[in-house]
Engineer: 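Before anything else, here's the structure in question.
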Amino acid sequence: MAHTGIEHGVTTGDFTKSEGWLDWYDGPTTPTFRLPAGAVDAHCHVFGPGEQFPYAPERKYTPCDASAEQLFALRDHLGFDRNVIVQATCHGADNTALVDALRRSEGRARGVATVRRDVTDEQLAELHEAGVRGVRFNFVKRLVDRVPTDSLQEIVAKIAPLGWHVVIYFEAEDLPELYDFFSSITTDVVVDHMGRPDVTKDPNGPEFELFLRFMRENQNVWTKVSCPERLSVSGPRALDGEQHAYTDVVPFARRVVEEFPDRVLWGTDWPHPNLKDHMPDDGLLVDYIPQIATTPDLQQKLLVDNPRRLYWQEGA
Ligand SMILES: O=C(O)c1cc(C(=O)O)oc(=O)c1
């Protein structure tokens, strides 16, 4: 989209950021929590830069730029060893920026792509060679138009032989409707952000119980216990030195980490698309981790062993 001057916001390349867009936090603190050696930030994105990798025409938002170099600088600053870069919806099914970032990472990043049903085996082989190990299916209505499940099933059939998995992003209220489809997926399945529970509800109540049941009944399902900054209602926010941020999310994430220690992942979600009320300090977000993974053993699994098993199966 060419800059028209009509929209509010600031231009990035030829693009105008969505109104109210919050840029990622420049100058994060050094975390107090020392990440275990080999830790993986298993959910983050790159945006553009729009000039080089234009945002998709069908996107629902226009972000600020967030380049691979900036992501890798954050990785080093926070003390992560590796990244899993997830295709952001603002790039649609054009994985060029993702692939470029993976190639620049020199094996220190893996990717999750978005593909259409007509993706060819050659295209999948190229993505695999670049480091892609999964595809993302998105059901969050404000982010994408719904893709019919028969298309998604076709995609699963194409990616399964590569040993890839499926990442699903949905909101808790939509799980009942999607439960059977999700349970029918035969590859590993990774749920983004714990299926977005409403944290004003009881962590032992029926809504979150359904999510836990989904994980219990389907041993191939993993989840990211990420995005407290997105789920939190009462905070406090990871800003200004706050060492106990997002305490309202903690009981939810802790329950999952403790019941499924071998099927959980954690990521920063940098550069935090679509946050409307604040942008967290990523150093303090890392300091949130010991609230939900309370022992060195749980931290090792969450941050090192689990992501390595899923994304670096072949070693290295
Ligand atoms: O909640 C969101 O707005 C969001 C968006 C995206 C994306 O646009 O890909 O990814 C996320 O993990 C979260």
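Here the structure is a predicted model, which means the values were calculated and not measured. Indexing begins at 1, ligand by ligand and atom by atom, following the structure's order.
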Engineer: Angle between ring planes, F170 versus F211, binned at 30° and 60°: parallel, tilted or perpendicular?
Structural biologist: tilted

Engineer: Check whether any side-chain N or O of T29 sits under 3.5 Å from a backbone N or O of P31 as a donor-acceptor pair, and report yes or no.
Structural biologist: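 No.
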
Engineer: At a non-hydrogen distance cut-off of under 4.0 Å, which region of T89 contacts ligand 1 (side chain, backbone, both, or neither)?
Structural biologist: both

Engineer: Which of these, D65, D23, T62, sits in a side chain to side chain donor-acceptor pair (under 3.5 Å) with K17?
Structural biologist: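 Running side chain to side chain donor-acceptor pair (under 3.5 Å) over D65, D23, T62 with K17 returns exactly one hit, D23.
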
Engineer: What is the nearest protein non-hydrogen atom to atom 6 (C) of ligand 1, stated with its residue, atom name and distance?
Structural biologist: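 Looking only at protein heavy atoms, the one closest to atom 6 (C) of ligand 1 is P273 CG, 3.8 Å.
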
Engineer: Ignoring angles and geometry beyond distance, decide whether N138 reaches within less than 3.5 Å of ligand 1 through its nitrogen or oxygen atoms.
Structural biologist: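 Among all N and O atoms of N138, none is under 3.5 Å from an N or O of ligand 1.
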
Engineer: Any atom of ligand 1 sitting under 4.0 Å from a heavy atom of K60?
Structural biologist: no

Engineer: Would you mind checking which non-hydrogen protein atom is closest to atom 11 (C) of ligand 1, with the distance to 0.1 Å?
Structural biologist: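 Of the protein heavy atoms, R136 NH2, 3.3 Å lies nearest.
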
Engineer: Report the part of D269 (side chain from C-beta onward, or backbone N, CA, C, O) that has a heavy atom under 4.0 Å from ligand 1; answer both or neither where that applies.
Structural biologist: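 Answer for D269: side chain.
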
Engineer: Which of the numbered atoms in ligand 1 are below 4.0 angstrom from a heavy atom of R196?
Structural biologist: 1 (O)

Engineer: Counting N and O atoms only, with roles assigned by atom type, does the side chain of N83 sit under 3.5 Å from a partner on the main chain of I85, one being a donor and the other an acceptor?
Structural biologist: no

Engineer: For a quick test of reading the model, state the closest non-hydrogen atom pair linking R133 to H128 and the distance between them.
Structural biologist: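 For R133 versus H128, the nearest heavy atoms are NH1-O, 2.9 Å.
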
Engineer: Starting from atom 5 (C) of ligand 1, what is the nearest protein heavy atom, named by residue and atom, and what distance separates them?
Structural biologist: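 Answer, as residue, atom name and distance: L143 CD1, 3.5 Å.
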
Engineer: Does the residue D192 have a heavy-atom contact with ligand 1, meaning some pair of atoms that are separated by less than 4.0 Å?
Structural biologist: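 Contact check D192 vs ligand 1: negative.
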
Engineer: Considering Y169, F47, Y61, which one's heavy-atom position lies nearest to atom 7 (C) of ligand 1?
Structural biologist: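 Of the listed residues, Y61 has the closest heavy atom.
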
Engineer: Show the atoms of ligand 1 that are less than 4.0 angstrom away from any heavy atom in A88.
Structural biologist: 9 (O)

Engineer: Would the H91 and Y55 ring centres measure less than 6.0 Å apart?
Structural biologist: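 That pair passes the under 6.0 Å test.
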
Engineer: Short question: side chain of R136, backbone of Y169 - any donor-acceptor pair under 3.5 Å?
Structural biologist: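 Judged by distance alone, no pair lies under 3.5 Å.
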
Engineer: Please test E154 against S151 for side chain to side chain donor-acceptor pair (under 3.5 Å), starting from the C-alpha separation and ending with a verdict.
Structural biologist: CA-CA 5 Å; E154 273 184 51; S151 293; 5.5 Å; no

